[in-house]
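Here is the structure we will look at.
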Amino acid sequence: MARTEGTRTVDGFCWLDLKTRDPEGVAGFFGTELGWRFAVDEEDWRRATKISTGGYAIGGVSDLSNPVYPPGTPPHIAYYLATDDTDRRAEAATGAGARLVVPPFDAADQGRMATLIDPWGAAVSLWQAREFGGWAFPPGTPGTPVRACHTSGDPEGAHRFYGEVLGVPSLPRDRFVAAGPGEDPGWRLIIGMGTDPEAGTAPEPEPAAVLRAPDGTAFTVARSRPRPGGGPGAGPGR
């Protein structure tokens, strides 16, 4: 059973869902590269596959061959933004130029969700917790998300949209960056590796690198090296 104490959101996000037509293949790839464990949650009536690291659940896996998904849906990673009111925030977002892809609905007793495309073309899911609040891990746990990044053609406007319309004022401005040539708009979560939460230190970050599975799903990974002199540092997350 995955543990549940610790961090509740990372830059406002509380969960991820890896959507693929090759669950076994991506489990093998990310399990080897990131040390993630993929296993059926026996306590979940859906018998959903959960991703965990260090005993802490951080996400789930969905099989795109399931008929609930439209044919041709490409493999991707869905990121869930914690919200206070899914219906109200979704309505405000569409009024501000976002496109609603999945209208608000109840995910059993777990929470209420919706999925939208923001005005710059980035997909994001909204999650209003009920019985399930999302991930919970101590800051600095290796293999967990440490920060978010949104790329678009208008970082300033995107920052205002998420703070004023979707109600995430704590998102730092530097989480919003200009998309490079040929780069699609979108959200990504950076996965931190090599930090030891027991040591109470945060090693110096190495340059982030993209880790891409054979099906095309990818995570940005920030590995780390020892901090010179072994001085103390603040762990990521909040």
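Only heavy atoms go into these numbers, but all of them, side chains included; no hydrogens, no water, no symmetry mates. Owing to the predicted nature of the structure, the values given are computational and were not obtained by experimental measurement.
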Donor-acceptor pair, side chain of Arg8 and main chain of Gly134, under 3.5 angstrom: yes
Please check if the side chain of His159 supplies one atom and the backbone of Leu171 the other of a donor-acceptor pair under 3.5 Å. yes
When you check the gap from the basic side-chain N to the acidic O, do Asp215 and Arg21 get nearer than 4.0 Å? no
Can you tell me if Glu91 has over 12 outside heavy atoms packed within less than 6.0 Å of its CD? no
Quick check on Arg130: does its CZ atom have over 12 non-hydrogen neighbours (other residues, nucleotides or ligands) under 6.0 Å away? yes
Heavy-atom side-chain proximity of [X] to [Y] below 4.5 angstrom:
X	Y	value
Leu16	Phe219	yes
Val221	Glu33	no
Trp135	Thr144	no
Phe13	Pro145	no
Thr83	Leu166	no

Do Arg188 and Thr220 have side-chain N/O donor and acceptor atoms under 3.5 Å apart? yes
Could you tell me whether Trp120 and Phe176 have their ring centroids closer than 6.0 angstrom? no
Look at the aromatic rings of Phe132 and Trp15 and report parallel, tilted or perpendicular, splitting at 30° and 60°. perpendicular
Quick check on side chain to side chain donor-acceptor pair (under 3.5 Å): which of Asp106, Asp85, Thr86 does Arg112 satisfy it with? Asp106
What distance do Arg173 atom CZ and Glu156 atom CD have between them, rounded to the nearest 0.5 Å? 4.5 Å
